[in-house]
**Q** 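Just dropping this structure here.
Whatever order the structure lists ligands and atoms in, that order sets their numbers, starting from 1. Side-chain atoms are counted along with the backbone in the values below, which use heavy atoms only and exclude waters and symmetry mates. All values derive from a computational prediction rather than experimental measurement.
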Amino acid sequence: MKGVKIVGIGHYCPSNVVSNEYISSLVDTSDEWIAKRTGIKERRISDGESTVDLAVKASEEALKNSGYTTEDIDLIIVATTSPDRIMPSTACSVQERLGCINATAFDISAACSGFVYGLIIANSLLKTNEKFRALVIGAEVLSRIVDWKDRNTCVLFGDGAGAAVLESSDDYGIISTFFGSDGAKGVKALTSTNLSLNNPFVKESDDEKRYIEMEGREVFKFAVSVIPTIVNNLLEKSGEKIDNIKYIIPHQANSRIIDEASRRLGITSDRFYINLERYGNTSSASIPIALDEMIKRELIKKGDKVILAAFGGGLTWAGTLIEI
Ligand code: UT7
């Protein structure tokens, strides 16, 4: 059976850099608290660009790096928790803006695990020859669903997008995959945007809720246990040893989560790539932004094996072991 490879990657973040000091002028917090408890120093926040704008710019770079044209793409999957609209999908808007006339386009909702869910879905469709070349995007303007009066959440998130072009290949780029969800826990732990039902047949409609709400400690506990689960599962499925993995690229939520996950895995935390100090938590965009940065910085090169490990709202989790 054929394999699937990533052949191009790109990212784009808004140019507006927002420091911890600036956030401290909005809510009762401090640079010291945010840096010590999360590792975050600054984040990029949109001053007008939409989720589609960010997705298109990241995709243009990924396509350029892949050497393919928009017409070569026959599948577009966008993972987002902060779309510009419910309909059409972000993916269809990206298709229109890029002119990917041959693509089937749809969105998926898996919060911060979304980009890796997208890779896993694209991997399956490409392996079965249903599709041949995919554009998988994680794009977020989370600043639109952040409550800028809530210090528990507004210090954490940032805006950005990352994209990857995948194609079916005789080599295996994507070596093993693992994903799952736990709605029973997730429905309380991490939520946003509750659309009210308000029609002539409803007596009392719910209040519409726009903002992210999170039980931080519950999500923290989940994250530190699920990262080792993902890594161990991928290693077991592939028969690989952790020593042969050049880097683990985790969802960028909190450096303390990464420290604790590395302790539980019995490896040093420098085996994980961390860039959250500059971007905050960009949800589905965090892993492709990190992957693209690492390739540009030549931290990873062709032939290196890496593990992507994502977790987030749902609760959801997803990982893949890939050879670059
Ligand atoms: O991508 C989605 C996945 N999300 C995550 O992975 C987030 C996981 N959770 C976390 O990263 C951490 O739980 C947080 C960073 C959200 C919070 O850190 P924590 O160490 O769990 O803090 P806490 O919620 O237990 O709060 C400790 C104290 C509280 O004060 P008291 O009750 O001890 O007096 C909070 O009110 O810190 C207070 N606090 C703050 N103080 C200053 C909470 N947020 C802030 C803040 N600035 N921004």
Side-chain angles (χ1 to χ4, degrees), residues 18-43 79-82 109-117 138-143 145-160 162 179-182 185-193 211-230 249-262 264 269 272 274-277 279-290 308-319:
V18 176
S19 65
N20 288 347
E21 283 80 8
Y22 182 82
I23 304 265
S24 310
S25 72
L26 303 178
V27 290
D28 180 15
T29 189
S30 63
D31 172 47
E32 194 200 351
W33 192 95
I34 303 169
K36 200 164 151 211
R37 305 304 293 170
T38 70
I40 298 165
K41 298 289 288 179
E42 60 189 36
R43 68 288 290 143
T80 184
T81 309
S82 48
S109 172
C112 308
S113 311
F115 177 77
V116 183
Y117 264 61
E140 305 285 2
V141 179
L142 293 169
S143 58
I145 56 166
V146 158
D147 180 352
W148 289 94
K149 294 191 178 91
D150 176 14
R151 71 175 182 173
N152 292 301
T153 51
C154 77
V155 301
L156 304 174
F157 297 101
D159 301 333
F179 65 159
S181 61
D182 182 354
K185 275 195 195 146
V187 169
K188 280 195 193 145
L190 186 47
T191 61
S192 83
T193 318
Y211 299 123
I212 294 177
E213 287 177 11
M214 181 169 66
E215 290 177 4
R217 283 186 193 180
E218 287 310 307
V219 180
F220 192 99
K221 278 191 251 166
F222 158 68
V224 297
S225 78
V226 85
I227 293 175
T229 304
I230 294 170
I249 307 170
H251 169 48
Q252 307 283 317
N254 187 325
S255 53
R256 287 190 299 128
I257 291 176
I258 296 166
D259 288 343
E260 176 57 17
S262 62
R264 293 185 185 200
S269 53
F272 285 78
I274 302 181
N275 66 4
L276 57 84
E277 70 282 1
Y279 299 108
N281 177 344
T282 57
S283 190
S284 68
S286 85
I287 286 182
I289 291 172
L308 314 184
F311 58 87
L315 297 170
T316 56
W317 57 90

**Q** What residue and atom, counting heavy atoms only, is the protein's closest point to atom 26 (O) of ligand 1, and at what distance?
**A**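 Of every protein heavy atom, Arg217 NH2, 4.2 Å lies nearest to atom 26 (O) of ligand 1.
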**Q** Tell me if a side-chain donor or acceptor on Glu218 pairs with a main-chain N or O of Gly216 at a distance below 3.5 Å.
**A**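 Pair absent, no side-chain N/O of Glu218 close to backbone of Gly216.
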**Q** Is the backbone N or O of Ser181 less than 3.5 Å from a side-chain atom of Thr316, with the two atoms forming a donor-acceptor pair by type?
**A**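 Pair absent, no side-chain N/O of Thr316 close to backbone of Ser181.
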**Q** With atom 17 (C) of ligand 1 as the reference point, say which of Phe222, Trp33, Phe157 has the nearest heavy atom.
**A**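 Nearest option to atom 17 (C) of ligand 1, by heavy atoms: Trp33.
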**Q** Give a yes or no on whether atom 37 (O) of ligand 1 lies under 4.0 Å from any heavy atom of the protein.
**A**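 Yes, there is a protein heavy atom closer to it than 4.0 Å.
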**Q** Would you mind listing which atoms of ligand 1 come within a distance below 4.0 Å of any non-hydrogen atom of Phe311?
**A**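 Those atoms are 6 (O).
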**Q** What atoms in ligand 1 come closer than 4.0 Å to a heavy atom of Met214?
**A**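 So the atoms of ligand 1 that pass are 4 (N), 7 (C), 16 (C).
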**Q** Output yes when Glu260 and Arg264 qualify as a salt bridge under the 4.0 Å nitrogen-oxygen rule, no when they do not.
**A**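 A salt bridge is present here (some side-chain N lies under 4.0 Å from a carboxylate O).
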**Q** Can you check atom 28 (C) of ligand 1: any protein non-hydrogen atom closer than 4.0 Å?
**A**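 False for atom 28 (C) of ligand 1.
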**Q** With a cut-off of 4.0 Å, which atoms of ligand 1 are near a heavy atom of Asn281?
**A**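 Result: 1 (O), 2 (C).
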**Q** Just by distance, with hydrogens left out, do Glu140 and Thr282 show a side-chain donor and acceptor under 3.5 Å apart?
**A**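 Thr282 and Glu140 do not have a side-chain donor-acceptor pair below 3.5 Å.
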**Q** Report yes or no: does Glu42 contribute a side-chain atom to a donor-acceptor pair with the main-chain N or O of Ser19 at less than 3.5 Å?
**A**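 Such a contact is absent between Glu42 side chain and Ser19 backbone.
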**Q** Please work out whether any backbone atom (N, CA, C, O) or any side-chain heavy atom from C-beta onward of Thr29 is under 4.0 Å from ligand 1, and answer side chain, backbone, both or neither.
**A**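 Answer for Thr29: both.
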**Q** Just checking, is any N or O donor in the side chain of Asn20 or Arg43 under 3.5 Å from an acceptor N or O on the other one?
**A**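 Side-chain D/A pair, Asn20 to Arg43: present.
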**Q** Would atom 33 (O) of ligand 1 count as contacted, meaning some protein heavy atom under 4.0 Å?
**A**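 Under the 4.0 Å cut-off, atom 33 (O) of ligand 1 has no protein heavy-atom neighbours at all.
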**Q** Examine ligand 1 and decide if any of its atoms is less than 4.0 Å from a heavy atom belonging to Cys112.
**A**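 Cys112 counts as a contact of ligand 1 under the 4.0 Å cut-off.
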**Q** In terms of atom number and element, which parts of ligand 1 are under 4.0 angstrom from non-hydrogen atoms of His251?
**A**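 With His251 as reference, the close atoms of ligand 1 come out as 1 (O).
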**Q** Check Phe220 against ligand 1 and report side chain, backbone, both or neither, counting heavy atoms closer than 4.0 Å.
**A**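 Both backbone and side chain.
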**Q** Less than 3.5 Å between some nitrogen or oxygen of Ser30 and one of ligand 1, yes or no?
**A**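 No - when backbone and side-chain N and O of Ser30 are compared with those of ligand 1, no distance drops under 3.5 Å.
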**Q** Would you find a donor on one side and an acceptor on the other, under 3.5 Å apart, between the side chain of Ser25 and the backbone of Tyr22?
**A**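 Side chain of Ser25 to backbone of Tyr22, a donor-acceptor pair under 3.5 Å: yes, one is there.
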**Q** Note the single closest protein heavy atom to atom 19 (P) of ligand 1, along with its residue, its atom name and the distance in Å.
**A**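 Checking every protein heavy atom, the shortest distance to atom 19 (P) of ligand 1 gives Arg256 NH2, 3.7 Å.
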**Q** To the nearest 0.1 Å, how far is atom 14 (C) of ligand 1 from its closest protein heavy atom, and which atom is that?
**A**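 Scanning the protein heavy atoms, the shortest distance from atom 14 (C) of ligand 1 goes to Asn254 ND2, 4.5 Å.
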**Q** Out of all atoms in ligand 1, which are within 4.0 Å of some heavy atom of Val155? Include the element for each.
**A**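 Answer for ligand 1: 48 (N).
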**Q** Looking only at N/O atoms, are Ala253 and ligand 1 under 3.5 Å apart anywhere?
**A**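 No; every N/O pair is 3.5 Å or more apart.
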**Q** Is the closest protein non-hydrogen atom to atom 4 (N) of ligand 1 under 4.0 Å?
**A**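 Looking at atom 4 (N) of ligand 1, one finds that a protein heavy atom does lie closer than 4.0 Å.
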**Q** With a cutoff of 4.0 Å, is Ile34 in contact with ligand 1, counting heavy atoms of the residue only?
**A**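 It does not; every heavy atom stays at 4.0 Å or beyond.
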**Q** Would Asp31 and Lys41 pass as an ion pair if we require N to O under 4.0 Å?
**A**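 Yes.
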**Q** Polar-atom distance check: Thr38 versus ligand 1, any N or O pair below 3.5 Å?
**A**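 Looking only at distances, the answer is no, because the N/O contact criterion of under 3.5 Å is not met.
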**Q** So if I count the atoms of ligand 1 from 1 in the order they appear, which ones are less than 4.0 Å from some heavy atom of Asn152?
**A**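 Going through ligand 1 atom by atom, the ones under 4.0 Å from Asn152 are 43 (C), 44 (N).
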**Q** Regarding atom 35 (C) of ligand 1: of the candidates Glu32, Arg151, Lys221, Arg37, which has the closest heavy atom?
**A**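 It is Arg151 whose heavy atom sits nearest to atom 35 (C) of ligand 1.
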**Q** Asn254 side chain to Arg37 main-chain N or O, any donor-acceptor pair under 3.5 Å?
**A**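 Between the backbone of Arg37 and the side chain of Asn254 there is a qualifying donor-acceptor contact (under 3.5 Å).
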**Q** Among all protein heavy atoms, pick the one closest to atom 9 (N) of ligand 1 and tell me residue, atom and distance.
**A**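 Here the nearest protein heavy atom works out to Gly216 O, 3.0 Å.
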**Q** Just by modelled atom types, is the Val27 backbone N or O under 3.5 Å from a matching donor or acceptor in the Arg151 side chain?
**A**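 The answer is no, because no donor-acceptor pair under 3.5 Å joins these two groups.
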**Q** Check Ile257 against ligand 1 and report side chain, backbone, both or neither, counting heavy atoms closer than 4.0 Å.
**A**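 Ile257 to ligand 1: side-chain contact only, backbone stays beyond 4.0 Å.
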**Q** Donor-acceptor pair, distance only, cut-off 3.5 Å: does the side chain of Asp182 make one with the backbone of Leu315?
**A**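 No: the side chain of Asp182 does not pair with the backbone of Leu315.
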**Q** Checking the side chain of Ser284 only, and the main-chain atoms of Ala79 only, is there a donor and an acceptor separated by less than 3.5 Å?
**A**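 Side chain of Ser284 to backbone of Ala79, a donor-acceptor pair under 3.5 Å: yes, one is there.
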**Q** Sort out for me which residue in Asp259, Ile257, Ile258 forms a side chain to side chain contact (heavy atoms under 4.5 Å, CB included) with Phe272.
**A**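 Only one of Asp259, Ile257, Ile258 forms a side chain to side chain contact (heavy atoms under 4.5 Å, CB included) with Phe272, namely Ile258.
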**Q** Taking 4.0 Å as the limit for heavy-atom contacts, which would you say applies to Leu190 with ligand 1: side chain only, backbone only, both, or neither?
**A**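 The part of Leu190 near ligand 1 is the side chain, not the backbone.
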**Q** Got a donor-acceptor contact below 3.5 angstrom from the Trp148 side chain to the Ser143 backbone?
**A**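 Yes; judged by distance alone, with no hydrogens or angles, the pair exists.
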**Q** Checking Tyr117 side chain against Gly180 main chain: does a donor-acceptor pair fall under 3.5 Å?
**A**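 Indeed, once roles are kept as given, a pair shorter than 3.5 Å links the two residues.
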